[in-house]
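Here is the structure we will look at.
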Amino acid sequence: LCSAEVLSPTAISSDESVNLHFVGGLMSVNLANQEIRHCSNTGSMFGYSGIGGIVGLNVGKVDNCYLSEHFGNASLDYLGGVAGINLGMIENCSTAAQKTISGSNNVGGIVGWNLTAGRLSGCTSSANINASGSYVGGIAGRNRGTLEITADADSTKRTISGLIGIGGIVGYNEAGGRLQPVIRTGNEVVAVGSSVTVSGNQSIGGIVGMNEGTLDANSTLYLTGQAKRVKAAMGDAGGIVGRNSGDIYKAINRSDSVTADTGLAGGITAANDSGNKISDCTDYGNVRSSDGHAGGIVAKNSGTIQNCT
């Protein structure tokens, strides 16, 4: 068990300090210029926050590592299948199907919180993600860095669930956070496949729950959400993003069902806030609000929408 307090202004915002006690299946902290390769975790661990299936805090590189069993419990924060907190590089890591990663807040299939210097590439998670709190994602609970998104080729049924800010890839994509598709089938990268159900109370998205960063693509590539079901019990359900306070470029919603029991539901996002942009997006999904407003692209727009169908 390694204890540390994360207070760096380059990593954590000036108004936020987090006390973390790092615990990892292999090691608590992987330092800069150090590398963990071809490792797996088949056991259980105990801790408080900053817990990873392989490493608690990664500042170096983690490559080709695998979480093969159930992991976590409903009381743990900043928990990821590979790393609790990432400030380094995580490549080609994955989690097993028909297993469950459990936590409270900031819970991700690969990393609990990916900070500004953090980068994930070629990572996939086939596990169920079940959280009792907020900011929960199939890959990252929170993201302030860069996620290179590959196609979701797993047909195993799985669920991603929590309270607020729940996404098929990222729960809360913070300002500066970026999602980039990198491997394609045709001109689309299906980031979240048709076997996935994403659900929670509010700000629930097929790809991102809450977005303050950027979902972008190059001139030929679209980022696609194809979840079986995206459901918000209390509103802000979106096929791509639950609630958008950032920018969304070249996204396609092919989800079977995007629903809100009450409040807003949108094919791309439920709400697009003032000063933010949605461009070159398409909705092919079914969108419904039982007691509120629904829209093919956006239910409520206060920003800019262009070239969307």
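It should be emphasised that the depicted structure is a prediction, and the values quoted were computed from it without experimental measurement. One is the number of the first residue; the rest follow in order along the sequence.
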| Does the N41 side chain pair with the main chain of G53, one donor and one acceptor, at a distance under 3.5 Å? | yes
| Going by atom types alone, do S121 and R119 pair a side-chain donor with an acceptor below 3.5 Å? | no
| Is any side-chain heavy atom of I278 less than 4.5 Å from a side-chain heavy atom of C308? | yes
| query | Side-chain donor-acceptor pair under 3.5 Å between S302 and S274, yes or no? | reply | no
| request: Start with the C-alpha gap between Y78 and V107, add the side-chain angles, then the distance that decides, and say whether side chain to side chain contact (heavy atoms under 4.5 Å, CB included) holds. | output: CA-CA 6 Å; Y78 300 99; V107 179; over 6 Å; no
| said: Here's a test for you: under side-chain contact (heavy atoms from CB on, under 4.5 Å), which of I166, I101, L163, N130 qualifies with V136? | reply: I166
| said: Show the nearest heavy-atom pair for residues R144 and A175, with the distance to one decimal. | reply: CG-O, 3.7 Å
| request: State the CD1-CD1 distance between I268 and I305, to the nearest 0.5 angstrom. | output: 9.5 Å
| task | Using a cut-off of 6.0 Å, state whether more than 12 heavy atoms not belonging to K99 lie near its atom NZ. | result | yes
| Same cluster or not: are Y135 and I204 linked, directly or through other Ile, Leu, Val, Met, Phe, Trp or Tyr residues, by side-chain heavy atoms under 4.5 angstrom apart? | no
| Should S126 and D154 be marked as a side chain to side chain donor-acceptor pair (under 3.5 Å) after you check the CA-CA gap, both sets of side-chain angles, and the distance that decides it? | CA-CA 7 Å; S126 300; D154 191 345; 2.4 Å; yes
| message | Tell me if a side-chain donor or acceptor on N201 pairs with a main-chain N or O of A233 at a distance below 3.5 Å. | response | no
| field | Separation of R142 CZ from N106 CG (nearest 0.5 Å) | value | 5.0 Å
| query | Would T282 and Y284 satisfy side chain to side chain contact (heavy atoms under 4.5 Å, CB included), going step by step from the backbone distance to the final call? | reply | CA-CA 7 Å; T282 302; Y284 295 107; 3.4 Å; yes
| field | Members besides Y66 in its Ile/Leu/Val/Met/Phe/Trp/Tyr cluster (side-chain heavy atoms under 4.5 Å) | value | none
| query | Who are the salt bridge (charged side-chain N to carboxylate O under 4.0 Å, His left out) partners of E212, not counting sequence neighbours? | reply | none
| message | Quick check: closest heavy atoms across G263 and S289, and the distance to 0.1 Å? | response | O-OG, 2.6 Å
| When you measure from the side chain of S40 to the backbone N and O of L67, does any donor-acceptor pair fall under 3.5 Å? | no
| Heavy-atom check, side chain of Y249 versus side chain of D280, under 4.5 Å | no
| Going from SG on C65 to CD1 on I54, what distance comes out if it is rounded to the nearest 0.5 angstrom? | 4.5 Å
| query | Honestly curious: do V190 and Y222 fall in one hydrophobic cluster under the side-chain, below-4.5 Å linking rule? | reply | no
| request: State, with a plain yes or no, whether a side-chain heavy atom of N33 is found less than 4.5 Å away from one of L31. | output: no
| request: May I ask you to decide whether R243 forms a salt bridge with D273, counting only side-chain N to carboxylate O separations under 4.0 Å? | output: yes
| query | Quick one: do R158 and D152 make a salt bridge, cutoff under 4.0 Å? | reply | yes
| query | With a 4.0 Å cut-off, would you call D63 and R37 a salt bridge? | reply | yes
| Would you call T124 and T150 a side-chain contact if the rule is heavy atoms closer than 4.5 Å? | yes
| said: Could you tell me if the side chain of K231 sits less than 4.5 Å from the side chain of V198, heavy atoms only? | reply: no
| message | Under a 4.0 Å threshold between the charged nitrogen and the carboxylate oxygen, would E188 count as salt-bridged to R254? | response | yes
| Out of I90, L87, L147, V170, which one pairs with N114 under the side-chain contact (heavy atoms from CB on, under 4.5 Å) rule? | L147
| Salt-bridged, K250 to D216, with N to O below 4.0 Å? | no
| note | Smallest heavy-atom separation, G109 atom then S125 atom, equals CA-OG, 3.6 Å
| Just how far is it from atom CD1 of I297 to atom CD1 of I240, taken to the nearest 0.5 Å? | 9.5 Å
| Between N286 and S257, does any side-chain donor sit less than 3.5 Å from a side-chain acceptor? | no
| query | Under 4.5 Å between any side-chain heavy atoms of L223 and P181, yes or no? | reply | yes
| Out of curiosity, M210 CE to E174 CD, how far, rounded to the nearest 0.5 Å? | 9.5 Å
| query | Is there a donor-acceptor pair closer than 3.5 Å between any side-chain N or O of N128 and the backbone N or O of T159? | reply | yes
| message | Treating T262 as the side-chain partner and D291 as the backbone partner, does any N or O pair qualify as donor plus acceptor under 3.5 Å? | response | yes
| Do L215 and V241 come within less than 4.5 Å of each other through their side chains, counting heavy atoms only? | yes
| Derivation of the side chain to side chain contact (heavy atoms under 4.5 Å, CB included) call for I149 and V182 | CA-CA 6 Å; I149 306 300; V182 293; 6.0 Å; no
| Over all atoms of both residues, closest heavy-atom pair of A299 and A265 | CB-O, 3.4 Å
| task | Using a 4.5 Å cut-off on heavy atoms from C-beta on, say whether the side chain of L179 contacts that of N173. | result | yes
| task | Please check if atom CD in E35 has more than 12 non-hydrogen atoms from other residues, nucleotides or ligands closer than 6.0 Å. | result | yes
| query | At what distance, to the nearest 0.5 angstrom, does SG of C123 lie from CD1 of I110? | reply | 5.0 Å
| Between the main-chain N or O of N105 and the side-chain N or O of D77, is there a donor-acceptor pair closer than 3.5 Å? | yes
| task | Go through the steps for S195 and T156 under the test side chain to side chain contact (heavy atoms under 4.5 Å, CB included), then give the verdict. | result | CA-CA 6 Å; S195 61; T156 305; 5.6 Å; no
| message | What I want to check is whether the side chains of N58 and N30 have a donor and an acceptor closer together than 3.5 Å. | response | yes
